[in-house]
Every structure is written in structure tokens, then in C-alpha cells.
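Notes to accompany the following structure.
Model, not experiment: these values are computed from the prediction.
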Amino acid sequence: MITIQVIPRGGRDAYKLLRHKVIHEAQTWSWANKAKTRLSHTRKDSGYIEVSSADNVLIAQLHPQDSDPYFLVEKFVGRLVAWFEPELFAINIQFIPDEKKKRK
């Protein structure tokens, strides 16, 4: 699994910035649920991004539909930089190994 942390500058809330941008201006991204925690790209076969917030930091877990997460990472990080470059301090990407489910 790939997890992306978005750290804003100066006390801004990265989740609120993203939520506002997707609701009002985004053309290729939309919320896939009412709680606004699941972000999807217009290319439906790409999967989705589960987003949450902790202490103004946006936490995004990528769930690609196929085994190649390249498309979602590229589009999401690229959009973050294009939309919020002055408001962001850092974007951290973590590669967490998937845990295999044990069979009974």
C-alpha cells in the first residue's frame, strides 16, 4: 500500500484545502461517498484514494484497482503540487508492505 502525507504551511488544514478544491473547482477528481473520504479520478478503472486528516495533515491511502498504482500516484501528487504549491510544506510518500491474509 502507498500512503501519502501532505503537510501544509502555517497552520492550514490540508484536508479542508483538498475538500474545497475538489467540490468547487476540480474537473477530473470527485468524491465517491457522502462523507468525502473517498476520492476517485474520472478514469474509473484507476481505483480510489481513501483520505483522512490528523493535526491538519492530510493522509491519503491509495487503493489502485489494478496492481499498478503509478497512475493514481502521478495524478494525485501532480494535482497537489499544481493546486497547492504555496500552501504546502512537504509531501511524504510511504511504501507499506501489504499484509497477506492468512488462510484458515
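- To the nearest 0.5 angstrom, I2 atom CD1 is 7.5 Å from I93 atom CD1.
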Checklist line | Test log, rule side-chain contact (heavy atoms from CB on, under 4.5 Å), inputs V57 and F89 | finding: CA-CA 10 Å; V57 174; F89 178 73; over 6 Å; no

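- In this structure, T3 OG1 and I49 CD1 are separated by 11.0 Å, a value rounded to the nearest 0.5 Å.
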Check: Stepwise, does the side-chain contact (heavy atoms from CB on, under 4.5 Å) test hold for W83 with L17?
Finding: CA-CA 9 Å; W83 284 339; L17 289 170; over 6 Å; no

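- Judged by distance alone, with hydrogens and angles left aside, the side-chain atoms of D13 form a donor-acceptor pair with the main-chain N or O of Y15 at under 3.5 Å.
- A single hydrophobic cluster is not seen to contain both V77 and M1; linkage of ILVMFWY side chains at heavy-atom distances under 4.5 Å, directly or through other members, places them apart.
- By the 4.5 Å heavy-atom criterion applied to side chains, W29 and K75 are counted as neighbours.
- For the atom pair CD (Q61) and CZ (R38), the distance works out to 11.0 Å, reported to the nearest 0.5 Å.
- The two atoms that bring L58 and A14 nearest to each other are CB-CB, 3.7 Å, heavy atoms only.
- Residues I59 and W31 are members of separate hydrophobic clusters, defined by side-chain heavy-atom contacts under 4.5 angstrom among Ile, Leu, Val, Met, Phe, Trp and Tyr.
- Across all non-hydrogen atoms, the minimal contact from L62 to L72 is CD2-CB, 3.6 Å.
- Relative ring orientation between H63 and Y48 is described as parallel, the plane-to-plane angle staying below 30° on a 0-90° scale split at 30° and 60°.
- Taking a 6.0 Å sphere around CZ of R19, one finds it holds more than 12 heavy atoms contributed by other residues, nucleotides or ligands.
- With values rounded to the nearest 0.5 angstrom, H20 atom NE2 is found 12.0 Å from K36 atom NZ.
- Linking ILVMFWY residues whenever their side-chain heavy atoms come closer than 4.5 Å, directly or via other members, places L39 and V73 in the same cluster.
- You'll find the side chain of L18 stays beyond 4.5 Å of the side chain of V6, heavy atoms only.
- Rounding to the nearest 0.5 angstrom, the gap separating the CZ atom in R9 from the CZ atom in R12 is 11.5 Å.
- Hydrophobic clustering (side-chain heavy atoms under 4.5 Å, transitive across Ile, Leu, Val, Met, Phe, Trp, Tyr) groups F95 together with L80.
- Between E87 atom CD and F84 atom CZ the span is 7.0 Å, to the nearest 0.5 Å.
- Across all non-hydrogen atoms, the minimal contact from S40 to G47 is CB-O, 4.3 Å.
- Ring centers of F71 and H41: under 6.0 Å apart, within the cut-off.
- Within a 6.0 Å sphere centred on CD of E25, heavy atoms belonging to other residues, nucleotides or ligands number more than 12.
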Next item on the list: Would you check, one step at a time, whether the test side-chain contact (heavy atoms from CB on, under 4.5 Å) holds for I91 with I7?
Entry: CA-CA 6 Å; I91 298 175; I7 303 166; over 6 Å; no

